[in-house]
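In this chain, residues are counted from 1 in sequence order.
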Amino acid sequence: MVQTFNDNISDLLKKDVRFVDKETGELLRNEIINKAFGIDKELIESLLSDNEVKEKFFTEIKGHWIFEINKFVDYIQDKNFLSDSYTKFKNKIGLNIDGKFLNERKEVALVWPFKDCVLEGGMTKEDEKRNEIFFNEVLAQDEIDRLLDPKVLNNFKRVTAKGEEKVTDFKRDSDGTIRENLIIKGNNLLALHSLKKEFQGKVKLIYIDPPYNTGNDSFGYNDNFNHSTWLTFMKNRLEVAKNLLAENGAICIQIDDKELAYIKIILDELFEGNFVSLITIKRSGATGHKSINPSPIVVSDYLLVYAKNKTFWEYSTQYVKRTYDKAYSQFITNFEDNYQKWEFITLKKAIEMYNLTLEKIIEKYPERIIRFALPNFEGVGKDTQNLITKSKKDPENVYMQKRDNNPDIYLKNGNRILFYKDKLRDIDGEIVTAEPLTNIWDDIGFQGIATEGRVELKKGKKPEKLLKRIIQMATKEGDIVLDFFMGTGTTCAVAHKTGRQYIGIEQLDYNENDSVVRLKNVINGDTTGISKSVNWEGGGEFIYCELLKYNEEGIDKIQSAK
């Protein structure tokens, strides 16, 4: 059978898993179109690899092949290509003009002054008085290239429990990846671009707590950018940060409600379809001067979570403490006997019989405390359905179904027996009743953390317990964690205590409250924050270095000149 051009281009596009529906195996027309408008590198390379496709959708000008986007998109949208429907409308819901969705037309987007610029973004107190310099992506390409070229790192020192040592080389694994904890002093945009060669595609988690653009943050950051400047500032950094993420990595951004909506749109555009969650974090109570506001009192921050690729991202389920579940009101008196001989009494009666408090009987006999629950008949296999029916017909006896990869199923009178031991989890070193984490986090106190890590910051500091949860839900021991708004070092301190590799970037000096001081305290056995819950006793090391900007002295003189 002769292969048509349609067949040829379909086969070519199906080689890219991003364009194929997992369930049907069909091409995702709109995903192809979105990537075409975004000049996706992998798509362009694929199209250029086939001479017939290249001749149709590219024009050669002086040895360069120019992609004719509109011609390609029109072909993909044509009814004769992927003709798989009896309706003239696409298999997608959305606003449409002349047959094209708004996001396909690229005529509706979040725009702001200087969106097409690169902003160096100084954040020190000295920078507050300077006029920010915007480098246009087209007009100032040479300046941008020089600005974002990898920079020299100098003033290296390795910090251990014994003190500071000279750095002669980096420790690397068998793949050549640097296996050192790094603290980099300098502008984070320049530092991120300088990390690309060594860490592109290797970072498992990025957590940032950027300036909120409120004008009253107690960090030294210039936290009073105007709206457009802040958006440009964040966009420049997020674009390069995405390149550092591994395919199974994720980014978490903590923010308040002032810029939440805008930063989410930027992230939606940048991480196309890989939004994971918007988490609400309660950071304070309705007390103090906040309580006199003529509106609902703001006590929350927000955590935006995006995966590099949701197909590969693995969430490590987290649990939170909860009160006793009163539905568990029955007790097996002879649990050690064969299940067919089990005898049941009320939990209240068992407490009296054993002369124990509720807390103590849970602690001592969690496997004996049970409840009866109606099973979901439709959600189980045929064998389980038959056993449920059999159990109903013989209500006095207990039945059991042995399972290899899941907990065994116990039934009485058609009801499943659920054990309280399955609701217990180790949280911060304590065995407690727990439930899976939701997207509302109101169980982490922000009060009394000012001196965590033995460095002081009265406002803006985040609890180590918060960072522990974020790091544990998205990484495993040995994974790389990056924070390029490092502040006083909470992210890196928690990563150090939980066995993760970390990279921290900060350009501000906090003197005796600096992140380097904090990490030295961690190495020397800091007992604050999460130390007790993870049995932290000290140890480890990190490398400190500083960013040397390209022609730093000359550029600074030119930028400050009037």
Side-chain angles (χ1 to χ4, degrees), residues 314-381 383-385 387-388 390-392 394-444 465 468-469 472-473 476-477 498 530 532-535:
E314 296 179 0
Y315 168 65
S316 178
T317 305
Q318 302 294 297
Y319 293 88
V320 293
K321 186 176 180 178
R322 61 156 291 172
T323 56
Y324 173 70
D325 188 341
K326 295 180 180 179
Y328 287 77
S329 59
Q330 300 294 309
F331 191 87
I332 303 172
T333 58
N334 57 336
F335 182 79
E336 65 279 359
D337 293 343
N338 184 287
Y339 67 90
Q340 294 174 323
K341 298 180 180 179
W342 281 353
E343 297 178 359
F344 303 88
I345 61 174
T346 66
L347 178 60
K348 183 178 180 182
K349 189 172 181 180
I351 289 173
E352 294 172 355
M353 179 188 299
Y354 287 94
N355 193 26
L356 295 171
T357 63
L358 175 63
E359 291 75 17
K360 285 296 181 182
I361 203 167
I362 291 173
E363 181 183 327
K364 193 170 184 179
Y365 301 117
E367 73 285 351
R368 298 177 181 234
I369 301 170
I370 60 107
R371 64 168 290 193
F372 297 109
L374 191 65
N376 181 357
F377 204 82
E378 296 178 355
V380 295
D383 290 344
T384 308
Q385 291 180 12
L387 194 64
I388 292 171
K390 188 176 181 179
S391 172
K392 283 182 178 179
D394 184 16
E396 297 303 317
N397 289 312
V398 176
Y399 288 82
M400 187 265 283
Q401 181 186 22
K402 193 77 176 173
R403 299 197 297 178
D404 293 331
N405 299 319
N406 291 291
D408 298 335
I409 292 176
Y410 293 87
L411 297 165
K412 188 175 190 302
N413 192 23
N415 291 308
R416 187 169 178 181
I417 300 173
L418 302 180
F419 301 89
Y420 203 77
K421 67 179 178 61
D422 295 328
K423 295 186 72 66
L424 300 180
R425 293 289 185 279
D426 184 336
I427 298 180
D428 295 333
E430 182 184 5
I431 303 298
V432 297
T433 305
E435 63 184 3
L437 185 67
T438 71
N439 66 340
I440 304 293
W441 296 1
D442 60 358
D443 61 319
I444 296 177
K465 187 176 178 181
K468 176 173 176 268
R469 175 175 292 173
Q472 288 186 334
M473 79 178 189
K476 297 180 176 66
E477 287 191 20
T498 56
I530 64 166
K532 183 178 179 181
S533 67
V534 299
N535 299 314

**Q** Please report the interatomic distance NZ(Lys392) to NZ(Lys390), rounded to the nearest 0.5 Å.
**A** 15.5 Å
**Q** Could you tell me the separation between the NZ atom of Lys532 and the CD atom of Glu430, rounded to the nearest 0.5 Å?
**A** 9.5 Å
**Q** With rounding to the nearest 0.5 angstrom, report the OG1 to CD distance, Thr498 to Gln472.
**A** 6.5 Å
**Q** With sequence neighbours excluded, give me every side-chain hydrogen bond (donor to acceptor under 3.5 Å, both in side chains) pair touching residues 406-424.
**A** Lys402-Asp408, Tyr420-Thr433
**Q** Roughly how far apart are Tyr315 OH and Leu437 CG, rounded to 0.5 Å?
**A** 4.5 Å
**Q** Using a strict cut-off of less than 4.0 Å between a Lys/Arg side-chain nitrogen and an Asp/Glu carboxylate oxygen, indicate whether Lys321 and Asp428 qualify as a salt bridge.
**A** no
**Q** Quick check for you: to the nearest 0.5 Å, what is the distance between Tyr324 atom OH and Arg322 atom CZ?
**A** 10.0 Å
**Q** Which heavy atom in Pro375 sits nearest to a heavy atom in Gly414, and how many Å separate them?
**A** CD-O, 3.2 Å
**Q** Atom CG in Asn334, atom CD in Glu343: separation rounded to 0.5 Å?
**A** 5.0 Å
**Q** Applying salt bridge (charged side-chain N to carboxylate O under 4.0 Å, His left out), can you list everything that pairs with Arg403, at least two apart in sequence or on another chain?
**A** none
**Q** Taking all non-hydrogen atoms of both residues into account, name the closest pair between Val320 and Ile427 and its distance.
**A** C-CD1, 3.6 Å
**Q** Considering only heavy atoms from C-beta outward, does the side chain of Ile417 approach that of Phe344 to under 4.5 Å?
**A** yes
**Q** Is there a donor-acceptor pair under 3.5 Å between the side chain of Gln318 and the backbone N or O of Ser316?
**A** yes
**Q** Quick one: closest heavy-atom pair of Tyr319 and Ala434, and the distance?
**A** CB-CB, 3.9 Å
**Q** Grab the two heavy atoms, one from Arg469 and one from Asp443, that are nearest each other, plus how far apart they are.
**A** NH2-OD2, 2.7 Å
**Q** Within a strict 4.5 Å, meaning less than it, do heavy atoms of the Ile332 and Phe419 side chains meet?
**A** yes
**Q** Would you say the side chains of Thr384 and Gln401 form a donor-acceptor pair under 3.5 Å?
**A** yes
**Q** Minimum heavy-atom separation for Lys341 and Asp337, please, with both atom names.
**A** CB-CB, 4.5 Å
**Q** Distance-only check: which donor-acceptor pairs under 3.5 Å involve side-chain atoms of residues 360-369, not counting sequence neighbours?
**A**
unit_1 : atom_1 : unit_2 : atom_2 : d
Arg368 : NH1    : Thr333 : O      : 2.8
Arg368 : NH2    : Glu336 : OE1    : 2.8

